[in-house]
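All remarks here apply to the structure that follows.
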2 protein chains.
Amino acid sequence: MKVSELSDRSGLPVQTIKYYIREGLLPKGAATAATRAEYGDEHLDRLRLIRALREVGDLPIASVKRIVGAVDDETVGLHDLLGTAAYALSPPAEPRPDDPGWRAAREDVDAIVAELGWRVTPDTPTRDLLAQAFLALRRLGLPIVWSDLRPYIEAATIIAEHEIRAVPTEGERGRAVQTAVATNVLYEKVLLALRRMAQEDASARRFGDAGRDRAPASEGDASRGTRPG
Amino acid sequence: MKVSELSDRSGLPVQTIKYYIREGLLPKGAATAATRAEYGDEHLDRLRLIRALREVGDLPIASVKRIVGAVDDETVGLHDLLGTAAYALSPPAEPRPDDPGWRAAREDVDAIVAELGWRVTPDTPTRDLLAQAFLALRRLGLPIVWSDLRPYIEAATIIAEHEIRAVPTEGERGRAVQTAVATNVLYEKVLLALRRMAQEDASARRFGDAGRDRAPASEGDASRGTRPG
DNA sequence: CGCCATTAGATAGTGACACTCTCCGATTAT
DNA sequence: ATAATCGGAGAGTGTCACTATCTAATGGCG
């Protein structure tokens with residue numbers, strides 16, 4: 001198919017498709033002449049993956065590029081691929097070894113990982129991410145206690161076990177790999193949305209439902225009361 | 001204290017503090033003269049909250065503004081406050097009622113909520129967020145089945161129950177409210193980090209640990225193999 | 001065969017965002 | 001008295017993800 005058709009079928013402007021090609025997210029079409037190229041279904045699939053990662057996963061272009069690079073690399077195994085996706089998902093979260101608070105938070109993280117016996121890369125940015133959250137909590141006067149963490153660990157374990165069990169190991173590699181990455185990113189959003197709804201439900205049951213029929217604190221209006229009367 | 005001291009103690013440039021005041025995230029200091037104002041501990045606390053929401057929660061300024069607006073509004077109850085925080089956390093996730101795929105995804109979401117009996121606002125953006133993820137999954141040829149969703153629902157329930165139970169209902173309102181919001185936002189990140197680590201552990205146990213001693217697919221390098229030999 | 005629409009490829013521009021800089025006149029500690 | 005600091009406001013900066021424009025070369029219809 002031609003670009004215009006790819007554009008129609010994907011719903012993306014031609015300019016955006018060109019941009020993705022320039023950035024290396026999407027392979028060029030097979031050139032049939034100096035000003036003509038042919039695109040196939042694999043381009044459409046790739047565009048759908050890109051849009052899923054961008055719109056739902058909210059990943060920056062650079063991260064999407066890393067992920068599709070790993071997807072395209074036949075030598076990358078599934079374990080490493082998941083690692084790459086996790087890597088790409090993490091915001092920078094720069095460690096600051098000079099900050100003593102940071103060091104302490106990071107040591108807490110390492111201690112927890114060791115305690116759980118998890119086989120996690122020692123220098124993965126995920127550890128820094130968790131340390132960053134710990135540090136922020138402590139700064140706000142909300143230290144982390146084991147009993148607070150337990151439910152999260154339990155939940156994370158339930159989910160991760162299921163997810164890794166569901167990773168497809170047979171069939172065409174490209175397909176399996178795309179599935180693994182997409183589910184990893186998209187189900188993160190599913191989890192967060194479900195958590196919010198479960199919170200709302202639990203909150204409604206605990207605090208009653210006065211004002212439940214109205215959305216809370218709308219745009220540009222946060223300083224007014226929620227109760228109408 | 002003066003701005004310069006507030007700047008030193010918070011670690012933020014004076015310019016940034018002024019910017020937050022301009023944007024309405026931080027109240028002005030009490031003016032002691034035309035060119036002098038006095039800041040207190042509440043300003044420092046607020047700055048810490050803002051930075052936590054920005055750096056760890058990665059929330060845009062506009063969302064932080066909505067949250068602190070709700071925190072400052074004495075008439076907003078805890079239930080609504082949590083709703084506001086959830087609202088603010090959601091990226092736009094614009095619904096498109098014209099798209100039949102979208103409608104179907106949204107109906108799936110509503111059916112699930114009804115099935116679970118959750119008391120969730122009918123028009124909350126969280127539903128749209130979940131529908132967006134469902135739609136993207138379906139577009140990628142990965143339809144959602146109940147058995148895939150179950151672990152996420154279970155995990156979300158475990159966490160939400162714990163979180164709502166932990167919301168402080170006594171003590172100074174400002175403090176309680178800040179705690180509720182901050183834990184909501186920050187523990188989201190804790191959960192995500194723990195999920196990634198649990199995934200890595202489960203993946204290592206399932207797929208073996210070849211190449212585990214090396215970070216996967218580093219920056220600008222995603223197209224090379226991970227296995228050294 | 002002629003002509004207008006389309007295309008590849010490159011360069012430049014846009015709008016949103018979160019600061020960051022500069023300037024002003026007033027004030028204040030030394 | 002005077003150099004430094006302050007509050008307040010406007011303009012400038014860098015990044016990001018597109019989006020628009022331009023050029024030259026086809027493609028396909030009449």
Side-chain angles (χ1 to χ4, degrees), chain A residues 1-40 43 46-47 49-68 88 91-92 94 219-220, chain B residues 1-40 43 46-47 49-68 88-89 91-94 219-220:
Chain A
M1 72 186 95
K2 299 181 289 187
V3 239
S4 53
E5 193 180 345
L6 186 62
S7 168
D8 286 346
R9 287 226 256 161
S10 67
L12 291 169
V14 172
Q15 299 299 344
T16 302
I17 294 172
K18 286 184 173 187
Y19 168 68
Y20 288 158
I21 293 173
R22 275 205 302 282
E23 294 298 313
L25 306 192
L26 183 71
K28 291 196 223 189
T32 61
T35 67
R36 207 107 327 189
E38 184 68 14
Y39 300 87
H43 291 92
R46 172 57 53 88
L47 282 178
L49 177 61
I50 293 171
R51 289 322 289 174
L53 296 179
R54 287 277 312 124
E55 290 172 11
V56 186
D58 205 31
L59 298 188
I61 292 292
S63 301
V64 176
K65 182 176 180 176
R66 284 219 297 283
I67 291 178
V68 301
E94 55 201 81
E219 182 77 38
Chain B
M1 70 188 95
K2 297 181 290 186
V3 237
S4 54
E5 194 180 345
L6 187 62
S7 167
D8 286 345
R9 287 226 256 161
S10 66
L12 292 169
V14 172
Q15 302 298 345
T16 302
I17 294 172
K18 287 183 173 186
Y19 167 68
Y20 289 158
I21 294 173
R22 275 208 300 281
E23 293 299 312
L25 306 192
L26 184 71
K28 291 196 220 186
T32 60
T35 68
R36 206 103 331 187
E38 184 68 13
Y39 298 88
H43 291 93
R46 172 56 55 87
L47 282 177
L49 177 61
I50 293 171
R51 290 322 289 174
L53 297 178
R54 288 274 314 124
E55 288 171 11
V56 186
D58 205 32
L59 298 189
I61 292 291
S63 300
V64 176
K65 184 175 178 177
R66 286 220 294 284
I67 291 178
V68 300
L89 278 166
E94 54 201 79
E219 183 79 37

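Note that this is a predicted model, so its numbers are computed, not measured. Chain letters run A, B, ... following the sequence lines, proteins first, then strands; residues in each count from 1. Computed from heavy atoms alone, side chains included, the values below leave out hydrogens, waters and symmetry copies.
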Length of the line joining [X]:[atom1] and [N]:[atom2], which is rounded to integer Å:
{"X": "A:Leu12", "N": "D:dA20", "atom1": "CG", "atom2": "P", "value": "14 Å"}
{"X": "A:Tyr19", "N": "D:dT21", "atom1": "OH", "atom2": "C1'", "value": "18 Å"}
{"X": "A:Ile61", "N": "D:dT19", "atom1": "CD1", "atom2": "C1'", "value": "13 Å"}
{"X": "B:Gln15", "N": "D:dG10", "atom1": "CD", "atom2": "C1'", "value": "12 Å"}
{"X": "B:His43", "N": "D:dG7", "atom1": "NE2", "atom2": "P", "value": "11 Å"}
{"X": "B:Ile17", "N": "D:dG8", "atom1": "CD1", "atom2": "C1'", "value": "15 Å"}
{"X": "A:Ile50", "N": "D:dC16", "atom1": "CD1", "atom2": "C1'", "value": "16 Å"}

Is there a side chain to side chain contact (heavy atoms under 4.5 Å, CB included) between B:Leu47 and B:Arg9 once you walk through the steps? CA-CA 10 Å; B:Leu47 282 177; B:Arg9 287 226 256 161; over 6 Å; no

Test item: A:Arg36 side-chain N/O and A:Ala31 main-chain N/O as donor-acceptor pair under 3.5 Å: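 The answer is no, because no donor-acceptor pair under 3.5 Å joins these two groups.
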
Can you name the closest pair of heavy atoms from A:Ile21 and A:Pro27 and give their distance?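 Scanning both residues, the minimum pair turns out to be CG1-O, 4.1 Å.
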
Taking atom types as modelled, find out whether B:Arg51 and B:Tyr20 have a side-chain donor-acceptor pair closer than 3.5 angstrom.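 Per modelled atom types, B:Arg51 and B:Tyr20 side chains form a pair under 3.5 Å.
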
Checking all strands, does B:Arg22 fall into the base, sugar-phosphate, or nothing category for heavy-atom contacts under 4.0 angstrom?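 Base, at least one base heavy atom under 4.0 Å.
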
Distance check: side-chain N/O of A:Arg51 vs OP1/OP2 of D:dA17, anything under 4.0 Å?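 No, outside the criterion.
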
Given A:Ser7 and A:Leu12, is the side chain to side chain contact (heavy atoms under 4.5 Å, CB included) satisfied, shown in steps? CA-CA 5 Å; A:Ser7 168; A:Leu12 291 169; 5.6 Å; no

Would a 4.5 Å heavy-atom cut-off, applied to side chains only, mark B:Val64 and B:Glu23 as touching?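 When only atoms from C-beta onward are counted, B:Glu23 and B:Val64 do not touch, as no gap falls below 4.5 Å.
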
Can you give me the first and the last nucleotide of DNA chain C (5' to 3') that has an atom within less than 4.0 angstrom of a non-hydrogen atom in chain A?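 Using the under 4.0 Å cut-off, the span is C:dT6 to C:dT11.
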
For DNA chain C, determine which residues of residues 23-40 of chain B have any heavy atom closer than 4.0 angstrom to one of its atoms, and list them numerically.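 Hits under 4.0 Å, by residue number: B:Ala33, B:Ala34, B:Thr35, B:Arg36.
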
